[in-house]
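A quick write-up on the structure given underneath.
Lettering follows sequence order; numbering is per chain, from 1.
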Amino acid sequence: MILAFLSDFGLKDPYVGIVKAVMLGINPAMRVVDISHQIVSQDVMGGAFVLGSTFREFPSGTCFLAIVDPGVGSQRAGLLAVTERYTFLAPDNGLLSMVFRYSKKVTCFSIENSRYFRHPVSDTFHGRDIFAPVAAHLSLGVKPHSFGPPFLDPVRLPWPEPVIRDQYIKGEVIYVDGFGSLILNIPADLIQNREPVNEKFKANIKGMELPLLSTYSDVSKGKPLALIGSSGFLEVAVNQGSATKMLGAGVGEPVVVKIL
Amino acid sequence: MILAFLSDFGLKDPYVGIVKAVMLGINPAMRVVDISHQIVSQDVMGGAFVLGSTFREFPSGTCFLAIVDPGVGSQRAGLLAVTERYTFLAPDNGLLSMVFRYSKKVTCFSIENSRYFRHPVSDTFHGRDIFAPVAAHLSLGVKPHSFGPPFLDPVRLPWPEPVIRDQYIKGEVIYVDGFGSLILNIPADLIQNREPVNEKFKANIKGMELPLLSTYSDVSKGKPLALIGSSGFLEVAVNQGSATKMLGAGVGEPVVVKIL
Amino acid sequence: MILAFLSDFGLKDPYVGIVKAVMLGINPAMRVVDISHQIVSQDVMGGAFVLGSTFREFPSGTCFLAIVDPGVGSQRAGLLAVTERYTFLAPDNGLLSMVFRYSKKVTCFSIENSRYFRHPVSDTFHGRDIFAPVAAHLSLGVKPHSFGPPFLDPVRLPWPEPVIRDQYIKGEVIYVDGFGSLILNIPADLIQNREPVNEKFKANIKGMELPLLSTYSDVSKGKPLALIGSSGFLEVAVNQGSATKMLGAGVGEPVVVKIL
């Protein structure tokens, strides 16, 4: 079984290694693939976006361990979510919001059976004490319902829906990637359903009107453009540069796509 | 065998990958788990703390490769340390200080048998030329004494012991983690042995008096607190914030825990 | 088969994890070793240097996946290069320049057979859609010529050759590593062929004349020196410090090694 691991632990401290150590102590055959451990500290929405734009690339049967957990040690539940293809372990704080949005059928359990925990359970590191041993036991074949009772109403973060009109779509930046590209809340199909996609589409951001093109090198070096990004959302980028720096725009910045 | 790997190599350069390449060339079945490669460059004490607060989470039989090595190429020895559960490879500069502190019985060898080295041995990258091939041969079953003679007096860094009185414990910050939390040299049991732990305990740092609580969310967002951290030491943190930034305190900052 | 992976994707975004996910979906037995994902964004020359100074450490049979790809989605070809010991996958933009320089016999193919691609193929993420599935199919035993026709003239970046005279060698900085050491375009053998290497050699950089010594601790803490670095090139470093910061020098800075 592949365990795909996402967190805001960073790579300076040993927390990622400790979680892996606990899992390998229970199931030495586990294979861990890191998605990212540099989610901005305690940014649940950013973690939800990264996980949501990634999980469908993994093979069926993958278990996802996602930990961005500002409420660790409080009364928030620990979630085990099962979909047709995957299993997810995460705190119940909205981190699975985009997983829920993109999965047809989800069954959730509240992780409560302390028989599968590492003891003593700390109040500050459930990744090590609860999620890691539960993930390892899952990989050994323990059934999801063994970890706790069904959980009916997990937290879903509000998703900023784009406003769709005949002549324009209003959206906003939801994520800034490491290249400085601005990813919008406008899914590719909203654009692609209006084919032909061509010079009639313009993205307006920060007072600039950008063409909608296919790839970065469709403009000259240092020039901005809009394109349908690899994560399936519209994106504003700069060829061989950083859109967030050039445009001075970040998460929440409004964008209007005009269809002329 | 699991090889747990800690260094100050960083992740920009290929040094971590090169060490793994050399090991896999000798034993293609090795499994490597990274603890951290972002120990502050040449900070032996920081590396000793991270390794010391991590190694006991790994399964029995794990071999640890720890390289923070400002004296590479000088006369400092290369150490192979064997405890009841683990094996450690590191330069003899104090990097194993906390391992020695927490291990009952340790036998050390000086790594000298060049038959197990990669040749030519450089003066600047013993991780690649000495430690990596020795780790790989260890994993293939070569006995510890085959690598060199016993080594009797490895370097131990001075550990800042807390001062314990009836009414207070005086300690200091020994590590700042990636969330900005301040980890103190005061082990949890010094506090827990004085149960009940309750509102009678106050941590004084930088002129502030902080309550000793269970978890971050026991105070409101942005507020500081003291708590027993997951590494087994008292810690000063800020709920959803950074204690090092808020308090302007780093390694060496004195803290007094008053028992009222 | 070992898959050694180098990119400029960074570790904040999920791109590295996505590439691994696609490969594991096709061949769950693949073993991935990361070389670096922190090549400076779109710095093909930096990536070429890191790959070129690393690949020979890997065991025979390793496949290298190298992605620094400012021209993704343009007409640049995708390369599959086969040497006596290794296989390489990379965009045809010069990223394999140092591999070509150090390999006797290289056969290149243009990756064109879309039967082995992930569909739909995006214009912005060939790492996921072309290189990852091709790497996975290679690891399953698909022959290199199955992926496309021979490719005769791959891009080779101009290499700044050192100027060699009886009394001096003129070179320049080609890479700054994470410790701040300055790596020069002067291969070790240019120096070693003039043995005995001794106090007669001096490296002149930024108006300073530095001794050529064996290892960092041959000078006192904070002092600069020249030495033959572990990558096989002459290097300017500072004992327990950063040469790039102390000397204010980066890539392209000229250096003259005088043989007195």
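To the nearest 0.5 Å, the span separating CG on D218(A) from CG on D123(C) amounts to 7.5 Å. Remark: I18(C) CD1 to R56(A) CZ distance equals 10.0 Å, nearest 0.5 Å. Considering NZ of K221(A) and CD of Q42(C), their distance stands at 8.5 Å, rounded to 0.5 Å.
Between G71(C) and S217(A) the shortest heavy-atom distance is O-OG, 4.3 Å.
For D177(A), the parts lying under 4.5 angstrom from a heavy atom of chain C are both the backbone and the side chain. Of the atoms belonging to D129(C), not a single heavy atom falls under 4.5 Å from chain A. Residue contact with chain C, scored on non-hydrogen atoms closer than 4.5 Å, involves the side chain of Y175(A) exclusively. If you measure heavy-atom distances from K12(C) to chain A, the contacts under 4.5 Å come from both the backbone and the side chain. Proximity to chain C (any heavy atom under 4.5 Å) is restricted, for I2(A), to the side chain, taken from C-beta onward.
Annotation: side chain to side chain contact (heavy atoms under 4.5 Å, CB included) contacts of P224(C) (sequence neighbours excluded): M208(C), L210(C), V238(C), M246(C).
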- Task: Test side-chain contact (heavy atoms from CB on, under 4.5 Å) on D13(C) and V50(A) and set out the steps.
- Result: CA-CA 7 Å; D13(C) 298 316; V50(A) 170; 5.7 Å; no
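Listed for the R31(A) side chain is a donor-acceptor partner under 3.5 Å among the backbone atoms of P28(C). Proximity of a side-chain donor or acceptor of R128(C) to a complementary backbone N or O of S230(A) within less than 3.5 Å is detected. For S36(A) (side chain) and L11(C) (main-chain N/O), a donor-acceptor pair under 3.5 Å exists by modelled atom type. A side-chain donor-acceptor contact under 3.5 Å links T215(A) to the backbone of V72(C).
Side-chain contact check for L227(A) versus T124(C): some heavy-atom pair is nearer than 4.5 Å.
Below 30°, between 30° and 60°, or above 60°: for F179(A) and Y15(C) the angle between ring planes is between 30° and 60°, a tilted geometry.
With a 6.0 Å radius and a threshold of 12 heavy atoms from other residues, nucleotides or ligands, E161(C) has its CD atom above the threshold.
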